[in-house]
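The first residue in the sequence is number 1, and the count goes up from there.
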Amino acid sequence: MTLDDLRVYVAVCRAGSLSSVARDLGCTQSAVSQHVKRLERETGVALLERRPRGVVPTQAGRILEAAAAEGISGLDLAVRQLRDLVDGHSGYVRVATGATTVRHFMSDAVVTFRHRHPKVNLEFHTVSSGRGSFDALADGTLDLAWITIGPPVRGIEQRTVVELPWLLAVRADDPLAGRPHLDPAELADTRIIRLPPNSTSAAHLEAACAERGVRFAHEPSVADWDTALLLAELGIGRAVVPAVPRLPAPGDSPLRLIPLPGLRPLPVGWAVRRWDALSPPARAFADTVVECRVAAAG
């Protein structure tokens with residue numbers, strides 16, 4: 001049983017597919033299967049159950065997966081901390097972000113951090129879902145993830161940095177464009193460009209609307225907030241979006257943004273595996289983002 005066997009096995013359990021892991025590793029499916037078979041010989045139990053559309057861990061397999069993932073994550077963290085001891089303030093900070101996160105939330109912080117810590121390499125990884133971010137944090141692939149704060153997740157610590165009010169985005173010639181603000185009830189049954197339906201932000205918006213007894217009719221969904229804003233600017237539809245930093249100022253574009261003060265704001269911020277286990281550079285970057293957000297708000 002080797003560390004590579006365990007890494008491959010954890011990856012297979014999370015992907016639910018031998019072939020998918022083989023593609024990611026650039027090897028054959030047979031090579032991946034050999035890692036799993038070696039573990040099964042060592043443990044004396046079946047670890048995976050074959051299904052028509054992939055594999056799932058058996059009961060014994062789930063026990064090994066949980067222990068292996070925890071152990072690998074701990075070892076990776078220890079290795080990074082040892083490197084930090086050797087390198088001082090040099091090293092890497094690996095951050096999971098959405099498609100537009102750096103532009104809206106981190107641009108000032110990246111510049112500030114670079115001046116303060118010129119030897120530290122920042123790596124940004126675009127992750128399409130909160131679940132993907134949590135998996136990457138849990139297995140030590142990433143240090144920090146910028147997320148929409150959601151329900152508690154086992155083994156992950158979440159910390160709100162800012163709460164974003166909701167806005168209605170419309171084109172300047174829309175009948176609602178001149179309103180200083182809107183009660184969400186006025187938008188009942190309005191067709192809205194939908195945020196990704198499986199995203200935490202979409203779930204939060206639906207819950208906030210439900211608290212006010214409001215339901216939207218939806219246009220086709222988009223992958224991110226910036227695309228929703230662009231479609232609203234083009235007059236394709238209306239969009240309800242959070243008031244992310246660096247939105248267009250009135251008069252700079254045909255887009256108009258109308259506050260919806262009756263909706264509960266959207267909390268966004270950091271997710272980490274453990275705050276007390278972050279490397280010094282990772283903690284410094286997380287703190288710099290918070291510092292810049294507070295300065296911008298003030």
Side-chain angles (χ1 to χ4, degrees), residues 14-16 94-106 109 124-139 141-169 184 187 192-232 237-247 257 259-275 285-286 289-290 293 297:
R14 288 179 174 163
R94 299 161 302 170
V95 185
T97 68
T100 60
T101 299
V102 175
R103 183 192 337 175
H104 287 303
F105 294 99
M106 298 183 186
F124 294 99
H125 300 252
T126 299
V127 181
S128 59
S129 69
R131 182 70 263 172
S133 295
F134 298 148
D135 287 344
L137 291 171
D139 66 19
T141 304
L142 297 172
D143 303 301
L144 299 157
W146 185 265
I147 64 164
T148 299
I149 304 297
V153 176
R154 183 175 177 271
I156 299 294
E157 297 180 20
Q158 302 179 58
R159 183 174 295 179
T160 299
V161 173
V162 62
E163 292 190 333
L164 305 173
W166 291 99
L167 305 168
L168 177 69
L187 299 177
I192 296 294
I193 298 167
R194 186 173 189 168
L195 299 175
N198 59 344
S199 67
T200 305
S201 55
H204 182 100
L205 176 59
E206 290 179 6
C209 288
E211 292 171 1
R212 300 296 306 270
V214 176
R215 291 192 63 181
F216 296 132
H218 285 110
E219 303 280 4
S221 65
V222 294
D224 56 67
W225 300 329
D226 278 2
T227 304
L229 287 165
L230 175 60
L231 293 180
R238 296 165 170 170
V240 175
V241 297
V244 295
R246 299 180 180 273
L247 286 174
L257 302 169
L260 298 171
L263 293 180
R264 176 163 45 91
L266 180 74
V268 296
W270 288 121
V272 301
R273 186 167 173 268
R274 280 173 37 208
W275 283 103
F285 181 70
V289 171
V290 174
R293 290 271 49 84

>> I'd like to check Ile192 versus Leu168 (side-chain heavy atoms, cut-off strictly below 4.5 Å). Are they in contact?
In response: yes

> Taking only residues two or more places apart in sequence or in another chain, which ones pass ring pair (Phe, Tyr, Trp, His ring centres under 6.0 Å) with Trp225?
Replying inline: none

> What is the ring orientation for Phe124 with Phe285, classed by angle as parallel under 30°, tilted 30 to 60°, or perpendicular over 60°?
Replying inline: perpendicular

> What residues form a salt bridge (charged side-chain N to carboxylate O under 4.0 Å, His left out) with Glu206, not counting sequence neighbours?
Replying inline: Arg194

> Looking only at heavy atoms, what is the nearest atom pair of Ala145 and Ser133, with distance?
Replying inline: CB-CB, 3.8 Å

Can you list, pair by pair, the side-chain donor-acceptor contacts under 3.5 Å of residues 209-216, counting residues two or more places apart and other chains?
residue, atom, partner, partner atom, Å
Glu211, OE1, Arg264, NE, 3.4
Glu211, OE2, Arg264, NE, 3.0
Glu211, OE2, Arg264, NH2, 2.7
Arg212, NH1, Gly262, O, 3.0
Arg212, NH2, Asp183, OD1, 3.4
Arg212, NH2, Asp183, OD2, 3.4

> If you take all heavy atoms of Ala286 and Trp275, which pair is closest and at what distance?
Replying inline: CB-CZ3, 4.1 Å

> For the residue pair Ala243 and Leu164, what are the closest heavy atoms and their distance?
Replying inline: O-CD2, 3.5 Å

> Should Leu187 and Leu260 count as side-chain neighbours, where that means a heavy-atom distance under 4.5 Å?
Replying inline: yes

> So how far is it from Arg94 CZ to Leu142 CG, rounded to the nearest 0.5 Å?
Replying inline: 6.5 Å

> Out of curiosity, Leu205 CG to Leu263 CG, how far, rounded to the nearest 0.5 Å?
Replying inline: 6.5 Å

> How close do Val244 and Phe105 get, heavy atom to heavy atom, and via which atoms?
Replying inline: CG1-CZ, 3.8 Å

> With sequence neighbours left out, what residues match Trp166 under ring pair (Phe, Tyr, Trp, His ring centres under 6.0 Å)?
Replying inline: none

> Is the shortest heavy-atom distance from the side chain of Thr227 to the side chain of Leu229 under 4.5 Å?
Replying inline: no

> How long is the span from the CZ atom in Arg103 to the OG1 atom in Thr97, to the nearest 0.5 Å?
Replying inline: 11.5 Å

> Passes side-chain contact (heavy atoms from CB on, under 4.5 Å), Thr200 versus Ile147? Steps please.
Replying inline: CA-CA 9 Å; Thr200 305; Ile147 64 164; over 6 Å; no

>> Taking Pro265's backbone N and O only, do any of them form a donor-acceptor pair with His204's side chain (distance below 3.5 Å, no angle check)?
In response: yes

> Who passes side-chain hydrogen bond (donor to acceptor under 3.5 Å, both in side chains) against Ser201, sequence neighbours left out?
Replying inline: Ser199

>> Run the side-chain contact (heavy atoms from CB on, under 4.5 Å) test on Asp143 and Val95 for me, step by step, so that the C-alpha distance in whole Å, both residues' side-chain angles and the decisive distance to 0.1 Å come before the verdict.
In response: CA-CA 6 Å; Asp143 303 301; Val95 185; over 6 Å; no

>> Donor-acceptor pair, distance only, cut-off 3.5 Å: does the side chain of His125 make one with the backbone of Ala96?
In response: no

> Are the side chains of Val161 and Trp146 in touch, meaning some heavy atoms are under 4.5 Å apart?
Replying inline: yes

> To the nearest 0.5 Å, how far apart are CG in Leu257 and CG in Leu167?
Replying inline: 5.5 Å

> Which heavy atom of Gln158 sits nearest a heavy atom of Gly150, and at what distance?
Replying inline: OE1-N, 3.1 Å

> Tell me, which pairs form a salt bridge (Lys or Arg N to Asp or Glu O under 4.0 Å) where one or both residues lie in residues 147-161, sequence neighbours left out?
Replying inline: none

> Looking at Arg273 and Leu137, what are the two nearest heavy atoms and their distance?
Replying inline: CD-O, 3.7 Å

